[in-house]
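Working notes for the structure below.
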2 protein chains.
Amino acid sequence: MTNKKISIKDIAKALGISITTVSFIINGKSKEKRISESMTKLVEDYVAKVGYRPNHLAQSLRSGKSKVIVFMVEDISNSFFSNIARLIEEKAYRNGYKIIYCSTENDTEKAIELITTFKNRNVDGFIITPTLGLESEIKSLISENFGVILFDRWIPSLECSHVIVENEKSCYDGTEHLILNGCKRIAFVTVESNQTQMKDRLSGYQKAIVVHGYRPLVFEEPFHTPSEAFVGDQIMDFLHMHKDIDAVFFATNYLAFEGLQAFRKMGKQIPEDYQVLSFDDHFFFGLYQPSISAIAQPIELIAERLMEGILHQLSDLEAIQNNKVVLPNKFIQRKSTFRIE
Amino acid sequence: MTNKKISIKDIAKALGISITTVSFIINGKSKEKRISESMTKLVEDYVAKVGYRPNHLAQSLRSGKSKVIVFMVEDISNSFFSNIARLIEEKAYRNGYKIIYCSTENDTEKAIELITTFKNRNVDGFIITPTLGLESEIKSLISENFGVILFDRWIPSLECSHVIVENEKSCYDGTEHLILNGCKRIAFVTVESNQTQMKDRLSGYQKAIVVHGYRPLVFEEPFHTPSEAFVGDQIMDFLHMHKDIDAVFFATNYLAFEGLQAFRKMGKQIPEDYQVLSFDDHFFFGLYQPSISAIAQPIELIAERLMEGILHQLSDLEAIQNNKVVLPNKFIQRKSTFRIE
DNA sequence: TTGAAAGCGGTACCAT
DNA sequence: ATGGTACCGCTTTCAA
């Protein structure tokens with residue numbers, strides 16, 4: 001293993017030719033540059049023999065491109081994000097790109113710091129679940145010609161490509177499903193947030209409720225508290241305060257998990273006491289007894305559109321930086337919701 | 001926003017001084033190099049004013065160090081790995097390091113390709129869940145002075161630092177727990193694998209069974225099949241074939257999820273028909289009804305030891321590259337296992 | 001058809 | 001105390 005880092009220079013010296021020639025051949029420009037076949041073969045064979053690997057750092061420094069895309073999400077340990085991460089990664093590799101992941105924890109400061117760091121490493125593009133405070137940062141990314149594409153939520157005041165789902169429509173439909181099932185008092189459990197996806201989900205619920213002549217009943221988790229048990233207790237208090245609730249619609253799956261725990265502590269039965277529906281499917285919902293109806297986001301499609309979008313931007317710098325993709329969700333009917341006869 | 005990428009050269013020119021001086025000051029070597037205070041202040045103020053950011057790529061190219069650590073796991077969408085990822089990332093940032101994640105899918109080919117790629121990007125270290133085929137690749141990483149630390153499993157024939165858990169002991173204890181509970185016919189459900197962690201778990205089970213005078217009964221998932229439903233069916237067949245089974249010990253949580261589905265399809269009750277225990281806790285186990293007893297790995301500690309280990313290696317190249325850390329797990333008693341009176 | 005050489009943005013050695 | 005400069009490994013223009 002005398003793997004003493006072979007450089008393009010070493011090759012040139014060993015073969016008694018110039019660096020330029022080696023570079024051209026390595027980069028598959030033999031034809032274009034009209035290098036003789038014999039020379040090409042000579043170099044290619046030698047490269048293969050010594051196992052030469054280009055130093056990507058140097059390539060990036062020189063070319064300004066790194067073939068790296070940053071995948072910056074709220075929390076990489078959240079299954080929704082890590083599943084997309086996995087799919088993105090796969091697609092990226094197939095296209096010669098690497099992915100760097102990082103979690104912002106919805107902390108604008110941290111996000112800005114991360115973006116700055118990666119800009120200084122010449123990454124080519126960013127896939128981001130933005131916080132509102134990121135607007136100007138993202139704007140400058142775009143003006144500096146980085147690829148940028150948002151997902152999960154977006155920033156209305158910003159012209160920037162994104163891939164999101166039909167939050168409002170699906171929540172409208174989900175609420176209506178509960179209403180048509182015969183539920184009279186449907187509570188919506190969400191987190192206090194001014195992010196578009198959460199606002200849209202809430203608004204979908206509210207519209208459906210009002211259209212059908214009912215009154216909205218919303219519980220908002222004050223902040224994204226890390227102490228989960230606490231949230232469960234709050235939900236429990238909320239349910240105690242409103243004895244007439246007959247259905248609960250959760251805006252995210254982790255809220256639903258809290259809720260399920262609360263129901264259990266209270267000795268409540270699903271779906272007899274409460275019909276339950278959650279946004280954002282999770283494989284546990286199928287396993288739980290009773291299984292929980294949910295609105296599933298098209299993870300595979302999201303990943304696909306994201307990669308398509310960013311690769312397009314990266315291959316064509318004149319690409320429209322304002323390609324808005326909105327994908328439909330899928331309602332998954334399980335045992336926690338049913339038509340009351 | 002005239003952010004036209006300011007370089008150290010621009011600063012030198014603007015201030016009419018040399019690049020060297022600027023570099024020294026930026027790197028906090030004013031004192032050491034005895035730069036005058038006035039000059040230092042001049043430069044520092046200018047740097048702050050124009051918002052200069054060093055190009056990490058160029059730094060890396062020159063210094064050979066990048067302050068990047070690769071976190072290469074089997075599957076980043078697996079909650080065990082993504083939770084550790086999250087913790088690692090946090091610790092890394094606190095120490096000025098960035099983390100690059102990637103999934104090997106237990107594919108040695110892919111892993112080697114990834115390692116090669118990252119070597120060519122001058123990353124400083126690797127945290128890896130290795131496959132056996134990676135032995136020589138890892139050996140050469142070590143000889144090339146990269147920081148390397150394995151976790152989850154290790155390679156016995158290789159001298160390399162690692163952080164693992166007491167797989168054998170915990171599975172021995174877990175099995176004994178079931179035996180002491182009064183179970184007579186305990187099945188062990190695992191995957192066919194020659195990775196150390198899986199072998200150790202199996203062996204812990206077998207030893208306890210034999211010590212107590214019973215016969216082992218093992219179901220091995222033939223391969224890591226992606227079609228999960230299939231696995232559940234196989235488990236079901238297995239259970240049908242052995243009517244006397246009264247407890248099932250799952251070697252991983254995803255196998256347990258399959259098993260739970262199988263139990264449900266078969267109309268079996270936990271813990272009346274089967275006592276159930278799973279290696280590798282999951283928050284869902286606490287939520288499921290009945291809640292499932294599990295052996296929890298100390299995620300937080302694992303992340304901590306990993307970072308300590310690799311940072312130590314990176315700060316001191318003479319560090320012993322053979323620091324083996326073995327952490328204890330925690331048995332979590334829930335409703336799926338109980339002492340038969 | 002091939003080669004020389006100028007950088008990319010830094011670091012660090014050696015002068016002065 | 002400061003500055004000049006070679007160099008990290010590669011791309012790319014221009015010349016031969």
Side-chain angles (χ1 to χ4, degrees), chain A residues 3-44 46-47 50-67 117 119-124, chain B residues 3-44 46-47 50-67 116-124:
Chain A
N3 242 339
K4 274 266 107 243
K5 279 278 181 194
I6 295 205
S7 83
I8 204 172
K9 205 177 287 178
D10 299 325
I11 297 178
K13 201 188 299 170
L15 262 39
I17 58 178
S18 89
I19 292 179
T20 314
T21 309
V22 178
S23 174
F24 283 153
I25 293 174
I26 285 171
N27 291 310
K29 295 186 181 166
S30 306
K31 290 262 181 286
E32 187 184 325
K33 299 294 177 181
R34 277 179 279 210
I35 309 275
S36 70
E37 287 212 2
S38 57
M39 174 70 69
T40 303
K41 181 143 179 26
L42 176 70
V43 173
E44 281 175 347
Y46 187 78
V47 162
V50 298
Y52 164 78
R53 296 273 146 192
N55 180 318
H56 293 166
L57 231 53
Q59 285 180 320
S60 301
L61 178 59
R62 181 62 233 230
S63 65
K65 298 289 162 221
S66 62
K67 289 282 181 180
T117 301
K119 274 162 72 166
N120 294 323
R121 284 180 191 274
N122 282 19
V123 303
D124 296 342
Chain B
N3 243 337
K4 276 268 103 230
K5 277 281 180 192
I6 295 204
S7 83
I8 203 170
K9 208 175 285 182
D10 299 325
I11 298 179
K13 200 187 299 172
L15 263 39
I17 59 179
S18 90
I19 292 179
T20 314
T21 308
V22 178
S23 175
F24 283 153
I25 294 174
I26 285 171
N27 291 308
K29 295 187 182 167
S30 304
K31 290 263 181 284
E32 187 185 325
K33 299 293 178 181
R34 279 177 279 208
I35 310 273
S36 71
E37 288 212 2
S38 56
M39 175 68 73
T40 303
K41 183 145 178 23
L42 177 71
V43 174
E44 280 174 348
Y46 187 78
V47 162
V50 298
Y52 164 78
R53 296 274 146 191
N55 180 318
H56 294 167
L57 233 52
Q59 286 180 321
S60 300
L61 179 59
R62 183 63 233 225
S63 65
K65 298 289 159 222
S66 62
K67 289 281 183 183
T116 313
T117 301
F118 289 123
K119 274 162 72 167
N120 294 325
R121 282 180 191 273
N122 283 19
V123 304
D124 297 342

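Every chain is numbered from 1, with letters handed out A, B, ... down the list of sequences. Computed from heavy atoms alone, side chains included, the values below leave out hydrogens, waters and symmetry copies. Keep in mind the model is a prediction, meaning the values are calculated, not measured.
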A:R34 CZ - C:dG3 C1' separation (whole Å): 16 Å
Out of D:dT2, C:dA12, C:dG9, whichever nucleotide has its closest atom nearest the side chain of B:I35: D:dT2
Nearest heavy atoms of A:L61 and B:L57, plus distance in Å: N-CD2, 3.7 Å
Nearest to side-chain heavy atoms of A:S7, which nucleotide of C:dA12, D:dC10, C:dG3: D:dC10
Nucleotide nearest B:Q59 (side chain, heavy atoms from C-beta), chosen from D:dT11, D:dC10, C:dG10: C:dG10
Polar atom pairs between nucleotides 14-16 of chain C and protein, under 3.5 Å, N or O only, would you list them?
none

B:Y52, nearest nucleotide to its side chain (from C:dT11, C:dC8, C:dG10): C:dG10
Separation of atom NZ in A:K9 from atom C1' in D:dT11, rounded to whole Å: 13 Å
For the student: nearest non-hydrogen atoms of B:S60 and A:R121, plus distance: OG-NH1, 4.5 Å
Closest-nucleotide 5' rank along DNA chain C - winner of B:R53 and A:M39: A:M39
Sugar-phosphate only, base, or nothing, as touched by A:K31 at under 4.0 Å among non-hydrogen atoms: nothing
End axis versus end axis in the helix from C:dT1-D:dA16 to C:dT16-D:dA1, the angle rounded to 10°, five pairs used at each terminus: 50°
Spacing of B:L42 atom CG relative to D:dA1 atom P, expressed in whole Å: 17 Å
Residue B:S36, side-chain heavy atoms: nucleotide from D:dT11, C:dC8, D:dA1 that is nearest: D:dA1
Separation of atom NZ in A:K41 from atom P in C:dT1, rounded to whole Å: 19 Å
N/O (side chain, A:S18) to phosphate O (OP1/OP2, C:dT2) under 4.0 Å: no
Value in whole Å for how far the P atom of D:dG9 lies from NZ of B:K65: 13 Å
Pairwise side-chain contact, A:I8 with A:Y52, heavy-atom cut-off 4.5 Å (strictly under): yes
Atom-pair distance (CG on B:L57; P on D:dC10), nearest Å: 13 Å
Nucleotide nearest B:R62 when distance is taken to its side chain, options D:dT12, D:dC7, D:dC10: D:dC7
Minimum-distance pair of heavy atoms, taken over all atoms of A:Y46 and A:I11: CD2-CG2, 3.8 Å
Validation row: A:V43, A:I17 side chains within 4.5 angstrom (heavy atoms): yes
Closest to the A:T21 side chain, choosing from C:dG9, C:dG3, C:dT1: C:dG3
Rounded distance in Å - CD1 (B:I19) to C1' (C:dG9): 9 Å
Atom of B:S18, atom of B:A12 and distance for their closest heavy-atom approach: C-CB, 3.8 Å
Whether B:D124 side chain and B:K67 backbone form a donor-acceptor pair below 3.5 Å: yes
Length of the line joining A:N55:CG and D:dC7:P, which is rounded to integer Å: 18 Å
Nearest heavy atoms of B:S66 and B:V123, plus distance in Å: OG-CA, 3.2 Å
Listed pairs under 3.5 Å, donor-acceptor, residues 22-30 of chain B side chains, sequence neighbours left out:
from	atom 1	to	atom 2	distance (Å)
B:S23	OG	B:N27	ND2	3.4
B:N27	ND2	B:S23	O	2.9

Side chain to side chain, A:M39 and A:S36, heavy atoms closer than 4.5 Å: yes
